[in-house]
Amino acid sequence: MRELILSPELCDECVKCERICPRNAIRLLNGVPIFCMHCAPEKAPCLNICPENAIIEKEGAIIIDEEKCVGCGLCRDACPIGAIYMDEHGTPRKCDLCIEYDKPLCISVCPTGALIESSEDLLSTKRDKLATELKKIKDLIQL
């Protein structure tokens, strides 16, 4: 399953993620990249409100089938984080996790590692940091 995970404390607001996104689906808002969180299909407000069934889950990504979409905007209105917008043609746009590429392009240009492709990567980094800190505490206690 594909993921796009943000560590906002690492974001330096370079906007490279915004510029590389082929769908123009990442926007910085108050210094934080906003993009679709790809909710579980049974909980995805955009997918569940779409009257045309134009929003589907594919390989872990919630995507819009533009051929089925009628441009009603209900998906945009239902998104709790504002990650869907209507383009100049009335077509909804959102992150599709760069499904046509090996991994999301924004990850490859993020200079600080604020965007990663797996929650397991994030957990592993946090585990390593915690283990290092706990070892320091243990060494201090043993002095």
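The figures that follow rest on heavy atoms only: side chains count, while hydrogens, waters and symmetry mates do not.
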Side-chain donor-acceptor pairs under 3.5 Å in residues 66-84, sequence neighbours left out?
unit_1, atom_1, unit_2, atom_2, d
Glu66, OE2, Arg23, NH2, 2.6
Glu66, OE2, Arg93, NH1, 2.5

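- Judged as a salt bridge (charged side-chain N to carboxylate O under 4.0 Å, His left out), and not counting sequence neighbours, Lys43 has no contacts.
- Heavy atoms only, all atoms of each residue included: Cys17 and Leu115 are closest at CB-CD1, 3.8 Å.
- Counting only distance, with no hydrogens or angles, the side chain of Thr91 and the backbone of Asp87 share no donor-acceptor pair below 3.5 Å.
- Counting only distance, with no hydrogens or angles, the side chain of Tyr85 and the backbone of Asn24 share a donor-acceptor pair below 3.5 Å.
- Side-chain contact between Lys129 and Thr132 is absent, with no heavy-atom pair separated by less than 4.5 Å.
- Taking CG of Leu28 as the start and CZ of Phe35 as the end, the distance is 11.0 Å to the nearest 0.5 Å.
- Judged by distance alone, the side chain of Asp139 and the main-chain N or O of Leu134 form no donor-acceptor pair under 3.5 Å.
- Across all non-hydrogen atoms, the minimal contact from Ile56 to Asn53 is CG2-O, 4.1 Å.
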Test side chain to side chain contact (heavy atoms under 4.5 Å, CB included) applied to Leu4 and His38, step by step: CA-CA 9 Å; Leu4 181 56; His38 299 277; 5.6 Å; no
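- Hydrophobic clustering (side-chain heavy atoms under 4.5 Å, transitive across Ile, Leu, Val, Met, Phe, Trp, Tyr) keeps Ile49 apart from Ile55.
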Identify all side-chain donor-acceptor contacts of residues 94-112 below 3.5 Å with residues at least two apart in sequence or on another chain.
unit_1, atom_1, unit_2, atom_2, d
Lys94, NZ, Ile62, O, 2.3
Asp96, OD1, Cys98, N, 2.9
Ser108, OG, Leu105, O, 2.6
Thr112, OG1, Leu10, O, 2.7
Thr112, OG1, Ala114, N, 3.4

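- The two residues Glu13 and Gly31 make their nearest non-hydrogen contact at CD-CA, 3.4 Å.
- Remark: Cys36 SG to Ile63 CD1 distance equals 11.0 Å, nearest 0.5 Å.
- One finds the CD atom of Glu133 at 15.0 Å from the NZ atom of Lys138 (value rounded to the nearest 0.5 Å).
- Nearest heavy-atom pair, Ile116 versus Gly113, reported as atom, atom and distance to 0.1 Å: CG2-O, 3.7 Å.
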